[in-house]
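Sequence lines set the chain letters: A, B, ... in the order given, protein chains first and strands last, and positions in each chain run from 1.
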Amino acid sequence: MTNSPPHLYYACMSKYPFNTIEQKWQNFWEENKTFSVKEDPSIPENKRRYVLDMFPYPSGAGLHVGHPEGYTATDIYCRYLRMNGYNVLHPMGFDSFGLPAENYAIQTGTHPLVTTEKNIEHFRKQIKSLGFCYDWDREISTHTKEYYRWTQWIFLQLYKMGLAYESETPINWCPDCKTGLANEEVKDGSCDRCGTKVTRKSIRQWILGITKYADRLLEDLDTLDWTESIKAQQRNWIGRSEGADVIFQIENNKGEIPVYTTRPDTLFGATYMVLSPEHALVDTITTPEQRNTVAAYIESAAKKSDLERTDLAKEKTGVFSGSYAINPVNNSRIPIWIADYVLISYGSGAIMAVPAHDERDWEFAVTFQLPIIPVLEGGDITQEAYTGDGNHINSGFLNDLNKEDAISTMIDWLEKKKLGKKAVNYKLRDWIFSRQRYWGEPIPLVHCASCGTVPVPEEELPLELPDVASYTPSGTGESPLATIPEWVNTSCPVCGGKARRETNTMPQWAGSCWYFIRYLDPENTESFADPEKINYWMPVDLYVGGAEHAVLHLLYARFWHKVLFDLGFVNTKEPFQRLINQGMITSFAYQRKDKSLVSTDLVEETSPDVFIEKATGLQLERVIAKMSKSLKNVINPDDIIHSFGADSMRMYEMFMGPLQVSKPWSTSGLSGVHRFLDRVWRLASERTIEDKEAPEPLMKLLHKTIKKVSLDTEALEFNTAIAQMMIFINELYKADTLYSEVWEPFILLLAPYAPHLTEEIWENLGKKPSIADHAWPQWNEEMTKEDVVLVVFQVNGKVRAKVEIPAGLDLEALKEQAFANERIQEWTVGAGKTIVKVIAVPDKLVNIVVK
RNA sequence: GCCGGCGUGGUGAAAUUGGUAGACACGAUAGACUCAAAAUCUAUUGGGGGUAACUCUGUAUCGGUUCAAGUCCGAUCGCCGGUACCA
């Protein structure tokens, strides 16, 4: 029960020799290429499966217990599919470009290539020690030039389609990582990777036009078998809204201001306008009297971080520009204000303000005493903005219409008068793609004074990452590559004149946008993958990984895939048909009364479930927390494998609970699973195996077990499949004889779960390895049915008797049984009750309703 | 605030279409084996009452639908994840 510190595991020694067994079979699989897979055309399409794990970033910390969770789930599923005659593609690789290796290089002077390859070695060894059925011949790493050659090639396709463009507008900048970040990499105003507060910085950068695909990224979500939560996150992130662009004329012919609104029906209630401080027209509309005030406001707004301008801002601020605009529906003169609650990055950076029906405008209007005119009935606009539906008032031709009708009527009117038009907007921004760092794919472009930006010819790819003396980013917005003149200075591929290479690199997400395609054809030097192989395997049938990539990797990869689809290079609109997110493996932690947490090594369990802080003697509450070094509750997979074996580790992670939910690690729970495997081993080694017929009850249990394990494995419900196998073993334990006709099928059922142990037992039975190539056992439906069933008799819905009766008894006979039952009689006629109604469900129950 | 998910024993969790709540496992208690311990095996184990047969009660809270609700519907509370002046 206690979450013992790691050194205590070793005390729990097992009897079955998992260390030697596991090493032996891992060697066997490797030498025999048991899990190598080919595109066999004779296997029909419905018998091909592509099962993919999110590949890891090979960090210096090594494998975390969270990794094997998803990997074990797909491993069991793949082994199950193979045994059922499927041709299964199940590869593994490494997402090996990225900042940690580079930061380590800065600290130590070691080349990122050296540490990365060392980490990959370590990860590969750790992953192999769990006995997964990957086809290691297909392993890829995104940092190798053979791989990034094609990442660069895809970038050039994007460039040629006009989807990659250069820009110099303010972007998110992490002062610690010294690089620009995409919107998706900013969480709560901080860098997703290092937690440093993000600032704004204006630098030249490469941007990918993901917004051109916004509609398709949104629509095609409906075709995917993903969890609602991830789809919802992507929908929210794309943030599509429908409304209208409306043009407001500035008084005295100073120009016009287009605004975007989702509520064109409230146009009669627009009593002022607001421009974002960064809006291009601010200068034009500011009157001489207001110039100083406006300039001061813009300066103060510019100093604020995004976080201060949005999250932290409770009070609305702003200044009057001095100018007025004309409301196009009623020609009323409305003031134009400058306020930072309007963002330059959304819509046109300017709004019409309808304080009666918009919370933000209401707050602003109240603060600055601007008029609030209701145009919909309902609510109390003296207290708050009313955003609900209602009949329109004070709205000319919209009066008496509801919200929906008024919106369409107004849009028609605007379009007819050429004052505006229907419009769609997105929260999604284009993808800021360049990084001012070293350890990433060089962007294969050349800047020529006469030809402009020119792509590196495809046949010259890969454009190799050069060696640098110092990895430290300049911080000025240039990558360390800029410091190598012999690399930067080149000739223009078009005119042959002097030119400079692009010095930015790609973000870590680039490599993971298409790695699942490279697995199909990892050695190909002619193309990124052979179309025939793509046709054979794609799309990915099942993709398992963490939910933290909901709007990063999963959105970017979908975008690239759609581009490749449009170019005819891939055969599907979507890369990942089905997605499952494994839950996080958490750990227990101990909490004081004041909610502060105590490191696990400072806690003692004095009696069951009583936890005491050693230093103070105060009782602590056990809570669930993320594993963290500071709490000393991190579980290291290597320790677990060493003390309990990979099979125990695999099975425990599956037995903990449903794959999709997060659950706390418990080492005593692990030992329960280990005990089960040990019992299997002891049955195999201690009992005599008989070829004679097994008793019928055992055969029935076997068939029920085959059915349950098959259906649950298919549905990825591994915890209940394991429970059924435990029931089966508990039953086998009761007899001295082990019948081969029940034992052998059981070992096959267990094989995907505990592959090493079952290979060994299988071989000891005199069978030919590998058990992974053996056919999955089939159940006989007749044998899963019981002859006698337990039926309950209820009176008024309360169980009053339980009886065993022959299965399939007809309803009348069933009712008769109930009435004849002594206990039922006591509760019905015996108690002087009148029978009102009788409900009978075959093989289940009889419910007698009495008064 | 908004979106998504979840609330079941001491603990991790089970429970087809609504039909025996708590399978399986951990922990605990007792017993067997042992000089003893560990390991192993067996039994019991939601809570209350009763010598017992049995009985009352129980799936976050309150209410509803139903012969029957962990499951369906409504409201409330709590937890987790995401997101937030997006006009």
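Nucleotides G48(B) and G9(B) are separated by 15 Å at their P atoms, to the nearest Å. Nucleotides U45(B) and C24(B), compared at atom C1', are 15 Å apart to the nearest Å. The P atoms of U61(B) and G7(B) are separated by 14 Å, rounded to the nearest whole Å. A gap of 14 Å separates the C1' atoms of C72(B) and G19(B), to the nearest Å. Rounded to whole Å, the P atom of C73(B) lies 38 Å from the corresponding atom of G49(B). Comparing U44(B) with A53(B), their P atoms are spaced 14 Å from each other, to the whole Å. With both ends at atom C1', the span from C77(B) to U29(B) equals 37 Å, rounded to whole Å. Nucleotides A30(B) and C79(B) have their C1' atoms positioned 38 Å apart, rounded to a whole Å.
For C24(B), neither phosphate oxygen OP1 nor OP2 lies less than 4.0 angstrom from any side-chain nitrogen or oxygen of Arg679(A). Checking the phosphate oxygens (OP1, OP2) of C26(B), a side-chain nitrogen or oxygen of Arg675(A) falls inside 4.0 Å. Contact check, Arg240(A) against C86(B): no side-chain N or O comes under 4.0 Å of OP1 or OP2. An OP1 or OP2 oxygen of U57(B) is reached within less than 4.0 angstrom by a side-chain nitrogen or oxygen of Lys798(A). Between Lys663(A) and G12(B) there is no side-chain N or O to OP1 or OP2 distance below 4.0 Å. Side-chain nitrogen and oxygen atoms of Ser229(A) include none within less than 4.0 Å of the OP1 or OP2 phosphate oxygen of G82(B). The phosphate of C54(B) (OP1 or OP2) has no side-chain N or O of Arg800(A) nearer than 4.0 angstrom. Phosphate proximity of G4(B) to Arg235(A): absent, as no side-chain N or O sits under 4.0 Å from OP1 or OP2. When the side-chain nitrogen and oxygen atoms of Asn796(A) are compared with OP1 and OP2 of A68(B), none of them lie within a distance under 4.0 Å.
Nucleic acid contact class of Asn730(A) (heavy atoms, under 4.0 Å, all strands): sugar-phosphate only. If you check every strand for non-hydrogen atoms under 4.0 Å, Val841(A) touches a base. Here Gln724(A) lies out of heavy-atom contact (under 4.0 Å) with every strand. Within 4.0 Å of Ser241(A), counting heavy atoms only, lie sugar-phosphate atoms of the nucleic acid but no base atom. If you check every strand for non-hydrogen atoms under 4.0 Å, Ile839(A) touches a base. Residue Val342(A) is in base contact, counting any heavy-atom pair closer than 4.0 Å across all strands shown. Counting non-hydrogen atoms under 4.0 angstrom, Asn719(A) reaches the backbone sugars and phosphates but no base. Base contact: Lys802(A) has a heavy atom under 4.0 Å from a base atom. Here Lys231(A) lies out of heavy-atom contact (under 4.0 Å) with every strand. Base contact: Leu790(A) has a heavy atom under 4.0 Å from a base atom.
A salt bridge is absent between Glu548(A) and Lys187(A): the closest approach of a Lys/Arg side-chain nitrogen to an acidic carboxylate oxygen does not fall below 4.0 angstrom. Looking at Glu826(A) and Arg800(A), no side-chain N of the basic residue comes within less than 4.0 Å of a carboxylate O on the acidic one, giving no salt bridge.
Side-chain atoms of Tyr753(A) and Thr713(A) form a donor-acceptor pair, as typed in the model, at a separation below 3.5 Å. There is a side-chain donor-acceptor pair under 3.5 Å between Thr317(A) and Tyr297(A). Side-chain polar atoms of Thr211(A) and Asp430(A) form a donor-acceptor pair below 3.5 angstrom. In the model, Glu781(A) has a side-chain atom that pairs as donor or acceptor with a side-chain atom of Trp779(A) under 3.5 Å. In summary, the side chains of Glu184(A) and Tyr556(A) do present a donor paired with an acceptor at a separation below 3.5 Å, with no hydrogens or angles considered. No hydrogens or angles considered: a donor-acceptor pair under 3.5 Å links the side chains of Lys197(A) and Ser190(A).
Nucleotide U29(B): paired with A43(B) (Watson-Crick or G-U wobble, both distances less than 3.5 Å). In this structure U17(B) sits in no base pair that meets the Watson-Crick or G-U test at under 3.5 Å. The pairing partner recorded for G58(B) is none, the criterion being a Watson-Crick or G-U wobble arrangement whose two distances lie under 3.5 angstrom. Using Watson-Crick or G-U wobble geometry with both donor-acceptor distances under 3.5 Å, A36(B) finds no partner in any strand shown. Nucleotide G70(B) has no partner under the Watson-Crick or G-U criteria, as no pair reaches both atom distances under 3.5 Å. Pairing partner, G78(B): C6(B), with both Watson-Crick or wobble hydrogen-bond distances short of 3.5 Å.
The listed nucleotides are U20(B), C85(B), U83(B); the one nearest the side chain of Val799(A) is U20(B).
We find that CD1 of Ile729(A) is positioned 12 Å from P of C41(B), with the value rounded to whole Å. Computed from coordinates, the Leu428(A) CG to U83(B) P distance equals 14 Å when rounded to whole Å. C26(B) atom C1' lies 14 Å from atom CH2 of Trp665(A), rounded to whole Å. Between the CZ atom of Phe718(A) and the P atom of C24(B) there is a distance of 22 Å, rounded to whole Å. Between the NZ atom of Lys844(A) and the C1' atom of U17(B) there is a distance of 10 Å, rounded to whole Å. Between the OH atom of Tyr341(A) and the C1' atom of G1(B) there is a distance of 18 Å, given to the nearest Å. Per the geometry, CD belonging to Gln794(A) stands 9 Å off P belonging to A69(B), to the nearest Å. Computed from coordinates, the Glu686(A) CD to U40(B) C1' distance equals 10 Å when rounded to whole Å.
Toward the 5' end of RNA chain B, the nearer of the two residues Trp827(A) and Ile624(A), judged by each one's closest nucleotide, is Ile624(A). Place Tyr733(A) and Gly672(A) on RNA chain B by their nearest nucleotides, and Gly672(A) ends up nearer the 5' end.
With its glycosidic angle within 90° of 0, G9(B) is assigned syn.
Taking the six-membered ring where the residue is Trp, Phe676(A) and Phe746(A) present perpendicular rings, their angle passing 60° and hence far from 30°.
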